[in-house]
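All values below come from the heavy atoms of this structure, side chains included, with hydrogens, waters and symmetry mates left out.
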Amino acid sequence: MNKEPRLKFTEEERADPALKKPIRRAEKAAAKADKAQAKIPKKQVRQKMVDRKTGRITTQLVLEDKKKPSSKLSHAVRDAPANAVTGKIHREIRETEQDNVGVESAHKSEEMVETGARLVREGYHSHKLKPYRKAEQAEQTLEKANVNVLYQKSLRENPQLSSNPISRWQQKRAIKKEYAAAKRAGQAAGNTASAAQKTGKAARTVKEKVQQAGAFVMRHKKGAGIVLALFLVICLLMNSLSSCSMLAQSIGSVVSGTTYPSDDAELVAVEASYAAKEAELQAEIDNIESSHPGYDEYRYDLDMIGHDPHELAAYLSAVLQGYTRQSAQAEMERIFSAQYQLTLTEEIQTRTYTDDDGDEHEYEYYILHVKLESRSIGAAASELLTQEQMEMYQIYRQTLGNKPLIFGGGSPDMGNSEDLTGVEFINGTRPGNPELVELAKRQVGNVGGQPYWSWYGFNSRVEWCACFVSWCYGQMGRSEPRFAACQSQGIPWFQSHGQWGARGYDNLAPGDAIFFDWDLDGSADHVGIVIGTDGSRVYTVEGNSGDACKIKSYDLNYECIKGYGLMNW
């Protein structure tokens, strides 16, 4: 068993507030590891000692660590042939004795006894291994504590690393590698004497070879100069290739470490599942008066229902790494319970009324208080995640898992907003809402979308095309539809209300929502508001088109148009 180093700390390091806690943990882990090592069984070995003065031989007992018993796997392999033969015999007996109930019963009893004996042997073997397992676990805990101390010392010496989660992540990985290399070097130090002898011999041989080579070079100066020049050129080329290779590996490592590890289909499915839970919560609130009848008054104090899909993906990726809709269920319940708190409180008031005769009467007045408290997933994550998980969460939030458009993030179009001069719109039979379109057009030129995502309830920038559409509808007095994700929230709302038109729908109206699927994977990536159509093209106002509000137009048969959310004004 490889023992971890026991680190030593200076008084200055112990007095540093940033290092106090990591040092305390490392020393505590070292104490536990020493205690576990002390519990490993010892065996007595008799050693003969010769007194040089008298020549007398004495014997003394020396305690040595017992050799770790063979593992259960080797035990099973050792007994495998006998077990196989025994099993074959049992099968043959069963085949020939089906009609003899007594013999069959005895045979089963024999099998049970053999099984019990095997379990006893394995249990005894496992019991003997227990102190070794405890010691190994203690050493692993100490290793983590040691790496954490070294990491905190590195942050103290290089404070610029603490400002960037990616830098902190890279630094911690580098420290782990250095620690492992130093530990291996320390464990190999026991062969120093023999290694020194070999090194001395090799050095003498090298010296002789160098002298011979020097004499040869002095005799062939021009040839040696050409060879040296060629050697330097090759070294430069090899160094460049090595640097490029290391750079490529470093970039690949950073990209893979900052990308959502789950499949795209699972990311979208989990987001849809979480949005469905929010829809159920909203439905529960909407139906409070029918599910809790009999109250004289219902009073509501409700926070916003909604979340940033990338916050959810970052949280689940930090906790579970790669996940599926099934494997993420328990963690979704956990974060959902931390994000939303719905409480129903009954209040009974004693009131009076005066009848026609002027007499006062008392009666009980029942009030049901419905309160929903909510917060962002990011706010809840700080309480639920460990320090290491929180660092990974922050990295995923900064990079958006390298998949910014997977939940309907927006449009990468960096072109200018289009001019509507000379466009003649063809009105359909649906009136639409021209006032809303004028409001949306007045937002053209906004960059960053802060008024829209902050109105929705987000504390920092998110992919805001859906927030922009929801904001426009909200300014017209519509509480629904309200959605922050296209595929998992927006489209299901329109389809469930019977207000959906596929690509090619020809009765568009001002104010309809238009959804896009840029990569044609079946999932909506972007949404805007329909201004109108001239018969061949559809004109839109879109938020988060190159991070700005813009007017755009598309052929009515453009394949990336997924469909339309029809607004019935």
Donor-acceptor pair, Q339 side chain versus I335 backbone, under 3.5 Å? no
Could you go step by step and tell me if N568 and R430 meet the side chain to side chain contact (heavy atoms under 4.5 Å, CB included) rule? CA-CA 8 Å; N568 297 325; R430 298 172 55 241; 4.1 Å; yes
Does Q443 reach the main-chain N or O of C549 with its side chain, forming a donor-acceptor pair under 3.5 Å? no
Without hydrogens or angle criteria, can the side chains of S523 and D521 be said to hold a donor-acceptor pair below 3.5 Å? no
What distance do N146 atom CG and T141 atom OG1 have between them, rounded to the nearest 0.5 Å? 11.0 Å
For atom CD of E435, is the number of surrounding heavy atoms from other residues, nucleotides or ligands below 6.0 Å larger than 12? no
Supply the atom-to-atom distance C560 SG to H526 NE2, rounded to the nearest 0.5 angstrom. 11.5 Å
Taking all heavy atoms of Y554 and all of K552, pick out the closest pair and write down the distance. OH-CB, 3.7 Å
Between the side chains of E463 and H310, is a donor N or O closer than 3.5 angstrom to an acceptor N or O? no
How many angstroms lie between atom CD1 of I531 and atom CD of E438, to the nearest 0.5 angstrom? 8.5 Å
Separation of D308 CG from L312 CG (nearest 0.5 Å): 9.0 Å
Does CZ belonging to R375 count more than 12 external heavy atoms closer than 6.0 Å? yes
Looking only at heavy atoms, the pair that brings T399 and T258 closest together is OG1-O, 2.9 Å
Does a side-chain heavy-atom distance below 4.5 Å link L439 with M476? yes
Closest heavy-atom pair and its distance - Q487, V268: CG-CG1, 4.4 Å
Parallel, tilted or perpendicular, as decided by the 30° and 60° cut-offs, for the rings of Y558 and W518: tilted
Working note: R334 + E331, criterion salt bridge (Lys or Arg N to Asp or Glu O under 4.0 Å); need CA distance, chi angles, decisive distance, verdict. CA-CA 5 Å; R334 182 173 175 233; E331 202 59 42; 2.6 Å; yes
In terms of heavy-atom contacts, Y340 and E278 come closest through OH-OE2, 2.5 Å
Would you call the rings of H307 and Y274 parallel, tilted or perpendicular, where under 30° means parallel and over 60° means perpendicular? perpendicular
Could you tell me if the side chain of I285 sits less than 4.5 Å from the side chain of I305, heavy atoms only? yes
Does N416 have more than 12 heavy atoms from other residues, nucleotides or ligands lying within 6.0 Å of its CG? no
Which value, rounded to the nearest 0.5 Å, describes the distance between T345 atom OG1 and I367 atom CD1? 11.5 Å
Heavy atoms, side chains only, cut-off 4.5 Å: are R461 and W453 in contact? yes
Would you give the length of the straight line joining atom CE of M567 to atom CZ of R478, rounded to the nearest 0.5 angstrom? 4.0 Å
Has Q389 got a side-chain atom pairing as donor or acceptor with T386's backbone, closer than 3.5 angstrom? yes
So do F494 and L566 actually touch side chain to side chain, heavy atoms under 4.5 Å? no
Minimum heavy-atom distance P481-S470, with the two atoms named: O-OG, 4.2 Å
Is there side-chain contact between I561 and V538, with at least one heavy-atom pair below 4.5 Å? yes
Trace of the side chain to side chain contact (heavy atoms under 4.5 Å, CB included) decision for W471 with Y456: CA-CA 7 Å; W471 178 86; Y456 197 93; over 6 Å; no
Please assess R503 against E559 for the test salt bridge (Lys or Arg N to Asp or Glu O under 4.0 Å), listing each intermediate value before the final yes or no. CA-CA 8 Å; R503 175 166 54 92; E559 62 179 353; over 6 Å; no
Is a side-chain N or O of S317 found less than 3.5 angstrom from the main chain of A313, in a donor-acceptor match? yes
Are any of the side-chain heavy atoms of F516 and S411 separated by less than 4.5 Å? no
With a 3.5 Å distance limit and no angle check, can you tell me whether Q341 reaches the backbone of S337 through a side-chain donor-acceptor pair? yes
Give me the ring orientation class for F425 and Y539: parallel if the planes are under 30° apart, tilted from 30 to 60°, perpendicular past 60°. perpendicular
Quick one: are W455 and Q475 in side-chain contact, heavy atoms under 4.5 Å? yes
Is it true that, when you exclude E418 itself, more than 12 heavy atoms of the residues, nucleotides or ligands shown sit nearer than 6.0 Å to its CD? yes
How are the rings of Y452 and F468 set relative to one another: parallel (under 30°), tilted (30 to 60°) or perpendicular (over 60°)? perpendicular
Taking atom NZ of K277 as the centre, does the number of heavy atoms from other residues, nucleotides or ligands within less than 6.0 Å exceed 12? yes
Can you give me the closest heavy-atom contact between H292 and L368, atom names plus distance? CB-CD2, 3.9 Å
Look only at the side chain of D555 and the backbone of R537, and say whether a donor-acceptor pair between them is shorter than 3.5 Å. no
Is it true that atom CD of E388 has more than 12 heavy atoms of other residues, nucleotides or ligands lying nearer than 6.0 Å? no
Geometric cation-pi criterion R482 and Y473, 6.0 Å radius, 45° cone: no
Heavy-atom donor-acceptor pair, K562 side chain to A524 backbone, under 3.5 Å: no
Between L384 and V319, is there a side-chain heavy-atom distance shorter than 4.5 Å? no
Take N148 and Q152 through the test side chain to side chain contact (heavy atoms under 4.5 Å, CB included) and record every step on the way to the result. CA-CA 6 Å; N148 187 46; Q152 296 299 332; 3.6 Å; yes
Does the side chain to side chain contact (heavy atoms under 4.5 Å, CB included) test come out yes or no for E311 and Y393, once each step is laid out? CA-CA 8 Å; E311 281 191 345; Y393 170 82; 3.7 Å; yes
Please state whether the rings of Y363 and Y365 are parallel, tilted or perpendicular, taking 30° and 60° as the class boundaries. perpendicular
Are the side chain of T540 and the backbone of E542 linked by a donor-acceptor contact shorter than 3.5 Å? no
Taking N507 for the side chain and T429 for the main chain, is one N or O donor matched with an acceptor at less than 3.5 Å? yes
Report yes or no: does D301 contribute a side-chain atom to a donor-acceptor pair with the main-chain N or O of K371 at less than 3.5 Å? no
Neighbour count >12 (heavy atoms, 6.0 Å) for atom CD, E346: yes
